[in-house]
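The structure under discussion appears below in the form of structure tokens.
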Amino acid sequence: MVLSAADKTNVKSIFSKIGSHADEYGAETLDRMFTAYPQTKTYFPHFDLHHGSAQIKAHGKKVVNALIEAVNHIDDISGALSKLSDLHAQKLRVDPVNFKLLGHCFLVVVAIHHPSVLTPEAHASLDKFLCAVGAVLTAKYR
Amino acid sequence: MVHWTAEEKQLIASVWSKVNVEECGAEALARLLIVYPWTQRFFDAFGNLSSPTAIIGNPKVRAHGKKVLTSFGEAVKNLENLKTTYSKLSELHCEKLHVDPENFRLLGDILIIVLAAHFTKDFTPACQATWQKLVGVVAHALAYKYR
């Protein structure tokens, strides 16, 4: 799927509004994903996954910063995330289904903290963007 | 049979008691049709679905959204017995409506986002997890009689 000009505008606008809280939202996204979809914890046997763990906070920050990077290069997400794409294909090999779960939890977090920002159109654009990111990260899997 | 803990039942009941079924149902269905436009394929008879504004304002969308969420209320009342509760609806969706069960999963996730926006911080991770389980088992029950 292709991001329209309106999608790109919507996504940039959403991220500009959540900007300063991005790190927290990353941690909360992961926390919700681990709680709602316990199978996702299998990728983190080396982590302390209790609520509020320092590792979840750090990792959440990493995840959101990658999303921000993609937003900042929204015309070339695959270029911007190329190294991350290699990492996921060669080392991490997270099953593709999990990107949808993470994306969904991120949408939930945005809905909780900025319900008025997540209009139906913005929701559609953000969902598309998150799918596009997932597609880039799994593009080199086979 | 699905097992529900006392805590899960509490989380379901307390959220549901505060849901405005008409508003929430209308919003969930509208968002489904906007975010996943291919789902409009089932609603040729609904008239104007040409834009998000048209979809949100469409009275048939509102009415149908209310109907769908009212039916979801039956699940909340019959947590121990979902397959039986939805047996006829499952057959209907398969044999007459020809709806791919993936659509039930899509609508379930949209409902979660609508609830999150409505309840904000009260929609805790534990609450979300319980509701994800609920929408999952409802989707499963609705798909159960497919053949």
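To find a chain, count down the sequence lines: A is the first, B the second, and so on, and within it residues start at 1.
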*Shared hydrophobic cluster for B:L11 and B:V15 (ILVMFWY, side-chain gaps under 4.5 Å)*: no
_Could you check whether atom NZ of B:K83 has more than 12 heavy atoms from other residues, nucleotides or ligands sitting under 6.0 Å from it?_
yes
*Can you tell which part of B:F119 gets under 4.5 Å to a heavy atom of chain A, answering side chain, backbone, both or neither?*
neither
*Picking from A:D31, A:L126, A:I112, which has the most non-hydrogen pairs under 4.5 angstrom with chain B?*
A:I112
*asked:* So for A:F34, is it side chain, backbone, both, or neither that comes closer than 4.5 Å to the heavy atoms of chain B?
replied: neither
*For A:H114, is it the side chain, the backbone, both, or neither that has a heavy atom closer than 4.5 Å to a heavy atom of chain B?*
neither
_Testing the basics here: between B:A129 and A:T35, what is the closest heavy-atom pair and its distance to 0.1 Å?_
CB-O, 3.7 Å
*Verify the cluster assignment for A:V97 and B:I112: are they in a single hydrophobic cluster under the rule of side-chain heavy atoms below 4.5 Å apart?*
no
*Linking I/L/V/M/F/W/Y whenever their side-chain heavy atoms sit closer than 4.5 Å, directly or via other members, would B:V68 and B:V114 fall into one cluster?*
yes
*Relative to chain A, which segment of B:T130 carries a heavy atom at a distance below 4.5 Å: side chain, backbone, both, or neither?*
neither
*What do you reckon, is NZ of A:K61 surrounded by more than 12 foreign heavy atoms closer than 6.0 Å?*
no
*Can you tell which of B:I110, B:V35, B:D109, B:I113 makes a side-chain contact (heavy atoms from CB on, under 4.5 Å) with A:D127?*
B:V35
*Which atom of B:Q132 lies closest to which atom of A:Y37, heavy atoms considered*: NE2-OH, 3.0 Å
_Other residues, nucleotides, ligands: >12 heavy atoms within 6.0 Å of A:K140 NZ_ = yes
*So, for B:Q128 and A:V108, which heavy atoms are closest and what is the spacing to 0.1 Å?*
OE1-CG1, 3.6 Å
*For atom NZ of B:K66, is the number of surrounding heavy atoms from other residues, nucleotides or ligands below 6.0 Å larger than 12?*
no
*Is there a path from B:V138 to B:L97 through hydrophobic residues (I, L, V, M, F, W, Y) whose side chains come within less than 4.5 Å of each other?*
yes
*Pairwise distance OH(B:Y36) to NZ(A:K128) - rounded to 0.5 angstrom*: 12.5 Å
*Non-hydrogen atoms of chain A under 4.5 Å away: do they reach the side chain of B:I55, the backbone, both or neither?*
neither
*asked:* Please determine whether the number of non-hydrogen atoms from other residues, nucleotides or ligands lying under 6.0 Å from atom OH of B:Y144 exceeds 12.
replied: no
*asked:* Please rank B:A126, B:S51, B:A116, B:P52 by heavy-atom pairs under 4.5 Å with chain A and give me the top one.
replied: B:A116
*Search all heavy atoms of A:P115 against all heavy atoms of B:A117 and return the closest pair with its distance.*
CB-O, 3.5 Å
*What part of A:S116 lies closer than 4.5 angstrom to a heavy atom of chain B: side chain, backbone, both or neither?*
neither
*Most heavy-atom pairs under 4.5 angstrom with chain B, which of A:H104, A:H113, A:M33, A:H51?*
A:H104
*Look at the side-chain heavy atoms of Ile, Leu, Val, Met, Phe, Trp and Tyr, link any pair under 4.5 Å apart, and say whether A:V109 and A:L101 land in one connected group.*
yes
*asked:* Which one wins on heavy-atom pair count under 4.5 Å against chain B: A:P120, A:A124, A:A36?
replied: A:P120
